[in-house]
Amino acid sequence: MAENKDGQEKTDEPTAKKLDDSRKKGQVARSKELNTIAVTLVGAITLVSMSGHFEEAFRNVMTNNFSVNREDLYEPMAMLHHLSNAIYDALWMLAPFFLTLMVVAILASVSLGGLAFSMEATSPKLDKLNPISGMKRLFSVKGLMEFVKALLKFIFITGVTGVMLWISIPEIIGLSQMDINSALPEVRSLVGDSFIILASTLILIALMDVPFQLWEHKRQLRMTKQEVRDEMKNTEGRPEVKGRIRTLQREMAQRRMMGEVPKADVVVTNPAHYAVALKYDQDTMGAPKVIAKGKELVATNIRKIATENNIPLIESPMLARAIYFSTELDQPIPTGLYLAVAKLLAYVFQLKIYRQEGGEIPLEPSDFSVPEELQHD
């Protein structure tokens, strides 16, 4: 079983992040045998199917460029001109064949592991020059598989070639009794069919190599349990870091909330354990909303800021708890508390008028009716 450098067994399947990172590094499953069989077999079929084209084009090249007329004998550059034309015609003749092979080679390469390009994969690695590492690779599972594939290819191709030669002996001997025009099509057919059959024998090697390459790629990417835990920490964040972030977020939210307290119309208290700051603007709000709330130390800070900014503090334990537990920040109070809060705000507005204009001091209400479903002890 695979082990890492610390001697821990790699028993866990690679995570999605591990697979994605390996792809970015150009480490994907590849099968050289699949590429070889695809290029060889398609090349053989293309040669056979385009044999008529090649025969005619080759005949034209020979006719046009390997025969000279009288004028060419007196022209120093004539042979060079014929040579350049022959090369151009030959390349043009072979262009469809080479283009087909190039497309097949690309498709066969990406069909197994997908398209992946990385400069890191193309950079030289000095550890590959280490003879000890080379010996380890030679006697590894992958090295053994490469040896088996090479041996099977030798056996298959040698065996199939021997059988084909044995079967084709009568045809080969018969070629010596034919004229050149009759023999060429026979040779073309014999060589083309033999090429396709030989290429087809490699399919067995590819069928064996593809599953092995997928398994070997997955095996190399296996992870130890510690690597999985470390990756989860790095991906999701270490607990101490996440805790610190949550603490900072709470502190920032509290600072923003405390900045809203001076805008409140009234603060309802428990009186010591809970504090809720309410604001109501009849032109823009359908109902009073909570702009700050807290308990214990936060409630103490809310009361302190309210006192510093002359915000009325009303003690009503039941109403304070009801608003605290039923309403989120920046949300309107529930309809069940409309009557109690309306009574509270009426007193606050009367108190504001008294502070501005004087007169009779309004009486602070003490009985705020809270529905049973909203009461919290």
Side-chain angles (χ1 to χ4, degrees), residues 236-237 239 241-377:
E236 300 177 2
V241 176
K242 294 171 66 176
R244 178 58 179 166
I245 292 175
R246 286 194 294 268
T247 300
L248 292 175
Q249 290 174 339
R250 284 196 298 268
E251 292 176 355
M252 292 176 62
Q254 286 185 9
R255 283 196 294 270
R256 287 196 299 269
M257 184 180 69
M258 293 303 177
E260 295 294 316
V261 174
K263 303 176 184 178
D265 293 316
V266 63
V267 172
V268 188
T269 66
N270 191 37
H273 299 292
Y274 295 92
V276 180
L278 299 175
K279 181 176 179 58
Y280 178 62
D281 186 344
Q282 60 182 359
D283 295 330
T284 59
M285 299 180 187
K289 71 176 184 178
V290 176
I291 61 174
K293 70 174 186 175
K295 62 181 181 178
E296 307 300 344
L297 182 59
V298 177
T300 302
N301 291 334
I302 291 176
R303 293 195 301 271
K304 179 181 178 182
I305 296 175
T307 302
E308 293 173 351
N309 290 272
N310 296 320
I311 307 297
L313 296 175
I314 306 298
E315 294 184 6
S316 177
M318 186 174 294
L319 181 59
R321 289 195 300 267
I323 298 174
Y324 179 88
F325 287 106
S326 65
T327 312
E328 298 296 330
L329 283 175
D330 295 323
Q331 296 297 318
I333 62 174
T335 55
L337 297 177
Y338 279 3
L339 182 61
V341 174
K343 188 176 181 180
L344 175 67
L345 291 176
Y347 165 73
V348 170
F349 293 148
Q350 292 173 6
L351 183 62
K352 184 182 295 185
I353 293 174
Y354 166 75
R355 290 176 176 176
Q356 293 175 352
E357 301 177 3
E360 186 177 353
I361 301 176
L363 296 177
E364 181 177 331
S366 57
D367 183 20
F368 297 99
S369 59
V370 176
E372 291 186 4
E373 64 271 14
L374 295 176
Q375 293 180 9
H376 289 267
D377 295 333

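Here the structure is a predicted model, which means the values were calculated and not measured. Computed over heavy atoms, backbone and side chain alike; hydrogens, waters and symmetry mates excluded.
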Do the side chain of N309 and the main chain of I311 share a donor and acceptor less than 3.5 angstrom apart? no
Ignoring hydrogens and geometry, is there a side-chain-to-backbone donor-acceptor pair from D265 to K279 under 3.5 Å? no
Identify each donor-acceptor pair in which a side-chain atom of residues 329-345 lies under 3.5 Å from a protein atom, sequence neighbours left out, and give them as a table.
{"residue": "K343", "atom": "NZ", "partner": "D367", "partner atom": "O", "Å": "2.8"}

Enclosure of K295 NZ (heavy-atom neighbours >12, cutoff 6.0 Å): no
E260 vs R256 side-chain heavy atoms within contact, under 4.5 Å: no
Enter the distance from T269:OG1 to L319:CG here, rounded to the nearest 0.5 Å. 10.0 Å
Taking all heavy atoms of A292 and all of V261, pick out the closest pair and write down the distance. CB-CG2, 3.7 Å
What's the shortest heavy-atom distance between V267 and A275, and which atoms? CG1-CB, 4.3 Å
Correct closest heavy-atom pair for L313 and R303 would be CD1-O, 4.2 Å
Within the side chain of K293, is there an N or O that forms a donor-acceptor pair under 3.5 Å with the backbone of Y324? yes
Mind checking the CG-CG spacing from L297 to N301? Nearest 0.5 Å is all I need. 5.0 Å
Heavy atoms only: give me the nearest Q254-V298 pair and the separation to one decimal. NE2-CG2, 3.9 Å
Heavy-atom closest pair (I302 atom, G294 atom, distance to 0.1 Å) is CD1-N, 3.8 Å
Aromatic contact between Y354 and Y347, with the criterion being ring centroids under 6.0 Å apart: yes or no? no
Pair V290-I323, side-chain contact (heavy atoms from CB on, under 4.5 Å): steps then yes or no: CA-CA 8 Å; V290 176; I323 298 174; 3.6 Å; yes
With ring pair (Phe, Tyr, Trp, His ring centres under 6.0 Å) as the criterion, how do Y274 and F325 come out once you've worked through the C-alpha distance, each side chain's angles and the decisive distance to 0.1 Å? CA-CA 10 Å; Y274 295 92; F325 287 106; 5.6 Å; yes
Is it true that, when you exclude E373 itself, more than 12 heavy atoms of the residues, nucleotides or ligands shown sit nearer than 6.0 Å to its CD? yes
Nearest 0.5 Å please: distance from the CG atom of D281 over to the NZ atom of K289. 9.5 Å
Which residue is it: V370, N270, V276? I am looking for the one with a side chain to side chain contact (heavy atoms under 4.5 Å, CB included) to R321. N270
